Amino acid sequence: MDSLKIFAPATVANLSCGFDVMGCCLDTVGDEMIISKVAEPGIKITKIEGADLPMETHKNVAGVAVEALLQKLGKDVGIHIEIYKKIKAGSGIGSSAASSAGAVWAVNKLLGSPFSPTELISFAMEGEKLASGNAHADNVAPALLGGFTLVRSYSPLDVLKLNTPQDLFMTVIHPQIEVKTSDSRSVIKHTVPLTKAIHQWGNVGGLVTGLFTENYELIGRSLEDVIIEPLRSILIPEFQTVKEAALSNGALGAGISGSGPSIFSLCKGIDTAQKVASEIEKIYTKTGLDFDIHVSKINDQGIRILN
Ligand code: ADP
């Protein structure tokens, strides 16, 4: 086996209350990649289709993540990476994470799986560091482990896979506007009043419990963010209208996907997810803005091999 074609999924990070620590994996949105082991040592990005991204290994998150893996292994292997981008960069559904996680997952397989999926997270985080200046794991962890994940601690890194209730579906709208990372960062406050912190960690506990006990109602009432959403949502057109439409049409909860501008709605059952999608579509059509809408089951497997 010298070459693998894979599906590298999009992911939704934060999930309202879990800023920087929670995330989940999507199934119908993702990139394709072909990763090959070649005789001549060195990592090369040989093809990128679907996006204008750097071909230089050290400027592409996939190259940087694989570099970190090979360095740890102490091996000078030849790797060629082809990226077929379907997830738009800057959408807030883990475009960079799909490439970082996909590349290390496939290289690890081609080398006989020296690392566990959990061990691959730290290599993929090096790609995230290149993309955003911050080595966060809330997108790469669900891409690598599948389902819902929790970063219990960054130092030392301790990432847990949670349970995936089978009837959960995500509706994601991606308004095609540019929200500058610097803007979405600058609106965040770096200190949190204790009363809000108590509210927030209560919800994180509730969400984790809801996922494990498959209590959809508890999942819904825990999808609440009193810290980041009130500040960041002002950067997203029609955020409140979309959120209210999602909730009044049966979504368990709705919020900002990653740092936005995508908005996610978590739903029980595909029928509700599709109904929510069509209501949100009506709202966004009126704005005149371009947008994409995705409806997806939660992908419990994560990255997978394509034939
Ligand atoms: P998202 O929030 O959807 O993950 P980001 O804004 O975090 O998107 O990441 C996109 C940034 O990462 C862009 O600046 C892009 O040029 C850079 N980048 C480098 N390599 C890749 C890659 N292979 N895939 C996606 N983005 C990449």
Side-chain angles (χ1 to χ4, degrees), residues 6-15 19-20 22-26 29-35 43-69 79-107 121 123-144 149 170 172-186 188 228 232 235-236 255-264 291-292 294 296 303:
I6 60 160
F7 172 73
T11 43
V12 172
N14 297 343
L15 297 171
F19 182 67
D20 266 5
M22 292 196 73
C24 74
C25 188
L26 301 183
V29 205
D31 298 340
E32 288 179 14
M33 302 177 83
I34 297 175
I35 317 282
I43 307 159
K44 278 197 184 132
I45 313 288
T46 51
K47 196 175 199 176
I48 301 176
E49 279 185 11
D52 187 16
L53 291 168
M55 296 290 287
E56 298 98 316
T57 304
H58 66 285
K59 288 189 185 162
N60 194 298
V61 300
V64 168
V66 172
E67 178 85 57
L69 183 154
I79 299 291
H80 283 185
I81 301 172
E82 297 176 30
I83 305 172
Y84 300 88
K85 266 279 156 207
K86 309 256 169 77
I87 314 169
K88 297 193 175 94
S91 53
I93 53 170
S95 174
S96 50
S99 291
S100 311
V104 294
W105 188 90
V107 168
I121 293 170
F123 307 130
M125 284 168 71
E126 290 301 313
E128 292 296 76
K129 196 169 165 186
L130 173 72
S132 68
N134 178 11
H136 56 100
D138 49 351
N139 288 106
V140 293
L144 285 163
T149 54
M170 215 31 128
V172 179
I173 174 157
H174 170 213
Q176 285 172 26
I177 53 159
E178 189 193 355
V179 176
K180 290 206 176 69
T181 311
S182 54
D183 287 345
S184 66
R185 289 244 179 95
S186 68
I188 291 180
I228 309 292
R232 269 197 178 160
L235 301 170
I236 305 171
I256 305 171
S257 175
S259 57
S262 289
I263 306 169
F264 80 86
F291 62 91
D292 293 320
H294 311 286
S296 175
I303 299 159

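Computation of the quantities below employed the complete heavy-atom set of this structure, encompassing side-chain atoms and omitting hydrogens, waters and symmetry-equivalent molecules. Whatever order the structure lists them in is the order used to number ligands and atoms, beginning at 1. Quick caveat, the model's predicted, so the values are computed rather than measured.
In the model, Glu126 has no side-chain atom that pairs as donor or acceptor with a side-chain atom of Ser100 under 3.5 Å. At a cut-off of 3.5 Å, with distance as the only test, a side-chain donor of His136 or Asp138 sits close to an acceptor on the other residue.
A heavy-atom separation below 4.0 Å is found between Gly92 and ligand 1. Distances shorter than 4.0 angstrom occur between a heavy atom of Gly94 and an atom of ligand 1.
For a threshold of 3.5 Å applied to N or O pairs, the pair formed by Ile83 and ligand 1 contains no separation below that value. Between Ala97 and ligand 1, no pair of N/O atoms sits closer than 3.5 Å.
Under the side chain to side chain contact (heavy atoms under 4.5 Å, CB included) rule, Ile93 has a single partner from Asp292, Thr11, Val29, Asn139, which is Val29.
The contact set between ligand 1 and Lys85, taken as ligand atoms under 4.0 Å from a residue heavy atom, comprises 24 (N), 25 (C). For ligand 1, the atoms closer than 4.0 angstrom to any heavy atom of Ser91 are 3 (O). If you number the atoms of ligand 1 from 1 as listed, the ones under 4.0 Å from a heavy atom of Lys59 come out as 19 (C). Within ligand 1, counting atoms from 1 as listed, the ones closer than 4.0 Å to a heavy atom of Ile93 are 3 (O).
By the 4.5 Å heavy-atom criterion applied to side chains, Val107 and Phe123 are not counted as neighbours. A heavy-atom distance below 4.5 Å is not found between the side chains of Arg232 and Val179. Between Cys24 and Leu15, the closest side-chain pair of non-hydrogen atoms falls below 4.5 Å. At least one side-chain heavy atom of Ile81 sits under 4.5 Å from a side-chain heavy atom of Val66.
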- Val140 vs Glu128, side-chain contact (heavy atoms from CB on, under 4.5 Å): CA-CA, chis, key distance, verdict: CA-CA 8 Å; Val140 293; Glu128 292 296 76; 3.7 Å; yes
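Here the heavy atom of the protein found nearest to atom 8 (O) of ligand 1 is Gly90 N, 3.1 Å. For atom 21 (C) of ligand 1, the closest non-hydrogen atom on the protein side is Val61 CG2, 3.5 Å. Nearest to atom 15 (C) of ligand 1 among the protein's heavy atoms is Leu53 CD2, 3.6 Å. Summary of contacts: the protein heavy atom closest to atom 13 (C) of ligand 1 is Ala89 CB, 4.5 Å. The nearest heavy-atom contact from the protein to atom 12 (O) of ligand 1 is Ala131 CB, 3.4 Å.
Nearest heavy atom pair, residue Ser99 against residue Ala62, reads O-CB, 3.8 Å. The heavy-atom pair separating Ile87 from Ala8 by the smallest distance is CD1-O, 4.0 Å. What you find for Leu130 and Val61 is that their closest heavy atoms are CD2-N, 3.7 Å.
For atom 9 (O) of ligand 1, the choice among Ser262, Pro54, Gly50, Ser96 with the nearest heavy atom turns out to be Ser96. Between atom 1 (P) of ligand 1 and the options Ser95, Ser99, Gly127, the minimum heavy-atom separation is to Ser95.
At a heavy-atom cutoff of 4.0 Å, ligand 1 is contacted by no atom of Glu128, backbone or side chain. Proximity of Asn139 to ligand 1, defined as any heavy-atom pair under 4.0 Å, is not found for any part of the residue. Residue contacts with ligand 1, taken as heavy atom pairs separated by less than 4.0 Å, involve Asn60 via backbone and side-chain atoms alike.
No donor-acceptor pair closer than 3.5 Å links the side chain of Ser257 to the backbone N or O of Val12.
Under the 4.0 angstrom criterion, atom 23 (N) of ligand 1 counts as having a protein heavy-atom contact.
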